[in-house]
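Just so you know, these numbers use all the heavy atoms, side chains as well, and skip hydrogens, waters and symmetry mates.
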Amino acid sequence: MSLEGPILHADLDAFYASVEQRDDPALRGRPVIVGGGVVLAASYEAKACGVRTAMGGGLARRMCPQAIVVPPRMAAYSEASRAVFGVFERTTPLVEGISIDEAFLDVGGLARISGTPARIAAVLRREVAEQVGLPITVGVARTKFLAKVASGVAKPDGLLVVPHDGELAFLHPLPVERLWGVGEVTSGKLRRRGVRTVGEVAALGEATLVSILGRGAGRHLHALAHNHDPRPVQPGKRRRSMGAQRALGRGRRSPAELDEILAGLVDKLARRLRSAGRVCRTVTIRLRFADFTRATRSHTLRGATDSTEAILAAARELLRAAGPLIEDSGLTLLGVALSNLDSHGAVQLALPFDGPDTTVLDETLDSVRDRFGAKAVTRAMLLHQEDRPSLPLLPD
């Protein structure tokens with residue numbers, strides 16, 4: 001029996017920057033930054049200088065003055081993503097897309113057809129390189145969690161197989177930040193208690209982790225530290241939330257300016273929601289401040305909706321309530337997320353006691369934008385805003 005797990009995590013390396021280097025030979029081997037105001041992607045040559053995604057463009061250029069800055073080409077990235085997912089789907093029917101540049105693949109039933117998972121992963125990497133011209137890293141393991149960790153360790157342009165009998169030996173020496181869900185705050189809590197590796201997390205025991213991090217996070221990390229992750233690869237799985245955000249820079253923004261930005265984000269998200277035939281119940285705003293701290297505020301509506309005005313009203317109320325905090329701390333990023341998603345047909349109809357029904361207006365605006373472009377009809381308050389590129393996304 002093979003000791004190789006059936007799950008592959010395939011992750012394109014520095015995706016946007018790799019597409020730029022593929023399409024322009026003069027950029028190969030040189031530090032490349034995609035995006036000017038905010039870094040959307042950085043090549044590994046730029047990352048070696050400390051440049052990171054979502055970093056301000058000015059700081060990135062100071063850290064890597066020799067970097068070549070190129071504007072984003074979203075259509076090219078979408079086309080490359082489709083080509084790569086075509087390779088995935090020709091490899092196995094069990095593909096779960098995570099984002100436009102990464103996916104889980106279950107190859108457990110292909111032994112007689114295609115060979116071992118390691119061989120399948122090697123062939124997949126070669127076909128992506130030959131057919132799409134992009135480097136991709138693949139991790140192979142028994143669980144989704146460990147396959148993703150393996151691909152992260154193997155980057156860039158690598159292949160790493162974690163055998164069944166070597167799982168904990170591989171996992172436990174890694175830093176705690178390799179565990180899903182361990183961000184800056186959770187990492188700080190663990191490191192202040194002298195817990196620095198995954199093995200040390202595993203040694204704490206579930207009860208101790210729950211006392212430090214709370215029930216949900218404690219039980220989650222205890223399971224992952226022992227590589228307990230029963231989730232299967234789920235083809236066609238629909239996203240549980242959708243969001244959009246905008247970096248604001250360091251300058252102060254007036255309440256009116258923030259309202260304009262919020263309205264633009266909600267317009268974009270509500271249109272995505274309707275295009276996917278879905279509705280939401282929970283609206284969340286995400287805030288990042290000048291001192292790099294973050295905050296979220298959320299509101300769950302009485303009924304599920306895809307109405308732009310209903311979503312915008314909830315988001316505006318959340319932003320208004322956060323006004324004193326924004327005034328004190330200075331806002332550098334504003335985001336909106338929609339969650340508690342369901343299919344449109346699952347909505348229980350309600351009598352229209354709360355004001356006019358805007359469904360026809362939303363549908364009309366959507367059809368105009370579908371035919372003539374997203375900027376064909378917009379709010380008057382957004383006319384002066386620059387046209388920002390829309391990031392390519394997996395289907396909602």
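- With a 4.5 Å cut-off on side-chain heavy atoms, Ile100 and Tyr16 count as touching.
- Rounding to the nearest 0.5 Å gives a distance of 8.0 Å between CZ of Phe88 and OG of Ser81.
- The CZ atom of Arg294 sits 8.0 Å away from the OG1 atom of Thr332 when rounded to the nearest 0.5 Å.
- Once rounded to the nearest 0.5 Å, the distance linking CG of Asp13 with OG1 of Thr137 reads 3.5 Å.
- With respect to the salt-bridge test (charged N to carboxylate O, under 4.0 angstrom), the residues Arg73 and Glu20 qualify.
- Salt-bridge formation is detected for the pair Arg320/Glu317: a Lys NZ or Arg NE/NH1/NH2 atom is positioned less than 4.0 Å from an Asp or Glu carboxylate oxygen.
- Here OG1 of Thr308 is found 7.0 Å from CZ of Arg379. Values are rounded to the nearest 0.5 Å.
- Considering all non-hydrogen atoms of both residues, Ala154 and Leu160 come closest at CB-CB, 3.7 Å.
- Side-chain polar atoms of Ser43 and Glu45 form a donor-acceptor pair below 3.5 angstrom.
- Contact check on Asp157 versus Arg125 returns a salt bridge, with a Lys/Arg side-chain nitrogen under 4.0 Å from an Asp/Glu carboxylate oxygen.
- Taking the side chain as every heavy atom from C-beta outward, Ile33 and Val70 never approach each other to under 4.5 Å.
- Within the structure, the ring-ring contact (aromatic ring centres under 6.0 Å, His included) test picks out the following pairs touching residues 112-145 (sequence neighbours left out): Phe145-Trp180.
- Just one of Leu221, Leu190, Val149 meets the side chain to side chain contact (heavy atoms under 4.5 Å, CB included) condition when paired with Leu179; it is Leu221.
- Using a 4.5 Å heavy-atom cutoff, the side chains of Val140 and Leu159 are in contact.
- Rounding to the nearest 0.5 Å places CG of Leu8 at 8.5 Å from OG1 of Thr91.
- Under the 4.0 Å criterion applied to side-chain N and carboxylate O atoms, Glu96 and Lys144 are assigned as salt-bridge partners.
- Within 6.0 Å of the CZ atom in Arg30, the count of heavy atoms belonging to other residues, nucleotides or ligands does not exceed 12.
- Residue pairs that meet the salt bridge (charged side-chain N to carboxylate O under 4.0 Å, His left out) test with at least one member in residues 168-185, sequence neighbours left out, are Glu177-Arg191.
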